[in-house]
Amino acid sequence: MAGIEVGLVRRLLEEQFPQWSGLELVRLVDGGSDHVIFRLGGDMAVRLPRGTWAAGQARKEHVWLPRLAGELPLDTPVPLGLGVPGFGYPYHWSVARWLEGDVATADGFADPAGAAAELGRFLKALQRVPTAVDDDQGLSRWSLVGRDEATRTAIKARTGGLFADAMTRVWDAALAAPAWDGAPVWFHGDFHTGNLLTVDGHLSAVIDFGGLGVGDPACDLMVAWTTLSAETRPVFRAALGVDDATWARGRGFALATGLNAYTAYAATNPRVAAQTRRQIDQTIAEEIEEIEEITGGRPAVADGTWG
């Protein structure tokens, strides 16, 4: 939303957290698609939702992150204060401890295989945290089936020929895979490159738990295609221990979320466009190779394009 500037945030702080109102406040140039982010002093961050789609995230993190953090092997945000609407700003917002680090990139790890294994261990630790709760506090429920129409529409609108065929095969396989039949487990819900921090090329923190939920963990496997490579994906899969059905559903989530983000941001955000294009290309790479192998290097359909 427009109008989330330093003056507004300063007034919110003065009214609700006067102990921090005199600290330096600097808006980050790129705070992400869900939040406008300010650095507060030297060791805090202020996050304000941009719109209704992110409106419940501050309250969710304030409730659940303190309960999860001690069980996880990487740093996570530490909520320090939960702000309420004010001065025309309509959503809850948050103050959290500042986490040092750079946003991870697919080619920026000092030890790619080590990072893949560490990502698997992080998710394994998250899934082991007990899920018995008396109030879901807005926890997410992700569904592949619920994304079917939008995903097929995006495939049709954005692709043709070989690419459409490959994407459709990935998507059909994801929907055909057996559903999760284990006990519900925790998932991050938005586990991709943009929500991972590194220091000197090594993973240091996982951020943005706005998609946190309980259920099928397949959505978190998107990181295998957003962040990893064909060489390191098997390392991640082995560290986490993933069956074939969950892997297929995870690849479907990677395709669906990639197409959704590309459709929403490609025209206005070149960085997101490049990231999601890579994500989708990684997701369908095996299908492209298989089609070309079957046809002797000639696609079974016209080459087509996508984008």
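Heavy atoms only: backbone and side chains are in, while hydrogens, waters and symmetry mates are out. What you see is a predicted model; the values in this text were computed from it and never measured.
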For this session: Determine whether Leu197 and Phe122 fall in the same hydrophobic cluster, where Ile, Leu, Val, Met, Phe, Trp and Tyr are linked whenever their side-chain heavy atoms lie under 4.5 Å apart.
Result: no
Problem set entry | Test item: His188 side-chain N/O and Leu123 main-chain N/O as donor-acceptor pair under 3.5 Å | no
For this session: Would you indicate whether Glu24, at its atom CD, is surrounded by more than 12 heavy atoms from other residues, nucleotides or ligands within a distance under 6.0 Å?
Result: no
For this session: Show your working on side-chain contact (heavy atoms from CB on, under 4.5 Å) between Leu196 and Val206 and close with a plain yes or no.
Result: CA-CA 5 Å; Leu196 305 173; Val206 178; 3.9 Å; yes
Exercise. Is any side-chain heavy atom of Asp220 closer than 4.5 Å to a side-chain heavy atom of Gln127?
Worked result: no
Exercise. Does one hydrophobic cluster hold both Leu259 and Val272, with members joined at side-chain heavy-atom distances below 4.5 Å?
Worked result: no
For this session: Would you check if Trp225 and Ile280 make a side-chain contact, meaning some heavy-atom pair closer than 4.5 Å?
Result: no
Exercise. Regarding Asp148 and Trp171, is there a side-chain donor-to-acceptor distance under 3.5 Å anywhere?
Worked result: yes
For this session: Please determine if Arg237 forms a cation-pi arrangement with Trp247, meaning its NZ or CZ atom is less than 6.0 Å from the six-membered ring centre and no more than 45° off the ring axis.
Result: yes
Exercise. CZ of Phe187 to CE of Met222: how many Å apart, nearest 0.5 Å?
Worked result: 9.5 Å
Exercise. Taking side chain as C-beta onward, heavy atoms only, is Leu80 less than 4.5 Å from Trp20?
Worked result: yes
For this session: Following the transitive rule for hydrophobic clusters with a side-chain heavy-atom cut-off under 4.5 Å over Ile, Leu, Val, Met, Phe, Trp and Tyr, establish whether Val84 and Leu8 coincide in one cluster.
Result: no
Exercise. Does the side-chain contact (heavy atoms from CB on, under 4.5 Å) test come out yes or no for Phe191 and Thr226, once each step is laid out?
Worked result: CA-CA 9 Å; Phe191 200 62; Thr226 64; over 6 Å; no
For this session: Say whether Trp64 and Leu72 are linked into one hydrophobic cluster, either directly or through other cluster members, by side-chain heavy-atom distances under 4.5 angstrom.
Result: yes
For this session: Ignoring hydrogens and angles, tell me if any N or O in the side chain of Thr232 forms a donor-acceptor pair with the backbone of Val235 under 3.5 Å.
Result: no
Exercise. Any side-chain heavy atom of Phe38 sitting closer than 4.5 Å to one from Ile4?
Worked result: yes
Exercise. When you look at Leu13 and Leu23, which way does the side-chain contact (heavy atoms from CB on, under 4.5 Å) test go after all the steps?
Worked result: CA-CA 10 Å; Leu13 287 169; Leu23 298 176; over 6 Å; no
Problem set entry | For the student: nearest non-hydrogen atoms of Leu221 and Gly250, plus distance | CB-CA, 3.8 Å
Exercise. Hey, are the side chains of Val36 and Arg50 touching, using non-hydrogen atoms and a 4.5 Å cut-off?
Worked result: yes
For this session: Decide whether Val95 and Phe87 are clustered together by the hydrophobic rule: side chain heavy atoms of Ile, Leu, Val, Met, Phe, Trp, Tyr closer than 4.5 Å, transitively.
Result: yes
Exercise. Which value, rounded to the nearest 0.5 Å, describes the distance between Ile288 atom CD1 and Arg169 atom CZ?
Worked result: 9.5 Å
For this session: Determine yes or no for a side-chain-to-main-chain donor-acceptor pair under 3.5 angstrom, with Asp43 supplying the side chain and Arg97 the backbone.
Result: no
Problem set entry | Atom of Ser140, atom of Gly211 and distance for their closest heavy-atom approach | OG-O, 3.2 Å
Exercise. Between Arg27 and Glu5, is a salt bridge (charged side-chain N to carboxylate O under 4.0 Å, His left out) present by the stated rule, with each step listed?
Worked result: CA-CA 8 Å; Arg27 179 171 175 164; Glu5 301 298 340; 3.3 Å; yes
For this session: Scan side-chain atoms only and decide if Arg47 and Gln57 contain a donor-acceptor pair under the 3.5 Å cut-off.
Result: no
Exercise. Is the distance between the ring centroids of Tyr91 and Trp53 less than 6.0 Å?
Worked result: no
For this session: Please check if any side-chain donor atom of Asp216 sits under 3.5 Å from a side-chain acceptor atom of Trp142, or the reverse.
Result: no
Problem set entry | Reported OG1-to-NZ distance for the pair Thr151 and Lys156, which is rounded to 0.5 angstrom | 15.0 Å
Exercise. Taking side chain as C-beta onward, heavy atoms only, is Met167 less than 4.5 Å from Glu287?
Worked result: no
For this session: Would you check, one step at a time, whether the test side-chain contact (heavy atoms from CB on, under 4.5 Å) holds for Leu12 with Leu48?
Result: CA-CA 11 Å; Leu12 289 169; Leu48 300 98; 4.0 Å; yes
Exercise. Could you state the interatomic distance from OG (Ser229) to CZ (Phe236), rounded to the nearest 0.5 Å?
Worked result: 12.5 Å
For this session: May I ask you to check whether over 12 heavy atoms, not counting those of Glu14, lie within 6.0 Å of atom CD?
Result: yes
Seminar exercise, completed: CZ (Arg249) and CH2 (Trp180) are apart, to the nearest 0.5 Å, by 7.0 Å
Problem set entry | Closest heavy-atom pair and its distance - Gly101, Val199 | CA-CG2, 4.0 Å
Exercise. Just wondering, do Tyr89 and Val9 contact through their side chains at under 4.5 Å, heavy atoms?
Worked result: no
Exercise. Any luck finding a side-chain donor-acceptor pair between Asp243 and Thr246 under 3.5 Å?
Worked result: yes
Seminar exercise, completed: Val214 and Pro184 have their tightest heavy-atom pair at CG1-CB, 3.4 Å
Seminar exercise, completed: Looking only at heavy atoms, the pair that brings His192 and Thr227 closest together is C-OG1, 4.0 Å
For this session: Report yes or no: does Lys60 contribute a side-chain atom to a donor-acceptor pair with the main-chain N or O of Phe209 at less than 3.5 Å?
Result: no
Anything under 3.5 Å between a donor and an acceptor, one on a side chain of residues 107-121, the other on a protein residue two or more places apart or in another chain? List them.
{"residue": "Asp107", "atom": "OD1", "partner": "Thr105", "partner atom": "OG1", "Å": "3.3"}
{"residue": "Asp111", "atom": "OD1", "partner": "Gly114", "partner atom": "N", "Å": "3.1"}

Exercise. After noting the C-alpha distance and the side-chain angles of Phe17 and Trp93, does the key distance pass the ring pair (Phe, Tyr, Trp, His ring centres under 6.0 Å) rule?
Worked result: CA-CA 12 Å; Phe17 301 107; Trp93 50 283; 5.6 Å; yes
Exercise. Taking Arg278 for the side chain and Asp281 for the main chain, is one N or O donor matched with an acceptor at less than 3.5 Å?
Worked result: no
Exercise. Are Glu15 and Ser21 close enough that a side-chain donor and a side-chain acceptor fall under 3.5 Å?
Worked result: no
For this session: Output yes when a side-chain donor or acceptor of Arg147 lies under 3.5 Å from a complementary backbone atom of Ala256, and no otherwise.
Result: no
Exercise. So which heavy atom on Ala45 is nearest to which on Trp98, and how close?
Worked result: CB-CE3, 3.7 Å
For this session: Decide if atom CD of Glu100 counts as having more than 12 heavy atoms of other residues, nucleotides or ligands within a radius under 6.0 Å.
Result: yes
Seminar exercise, completed: The reported gap from CD in Gln279 to OG1 in Thr257 (rounded to nearest 0.5 angstrom) is 4.5 Å
Exercise. Are Leu212 and Trp186 close enough that some pair of their side-chain heavy atoms sits under 4.5 Å apart?
Worked result: yes
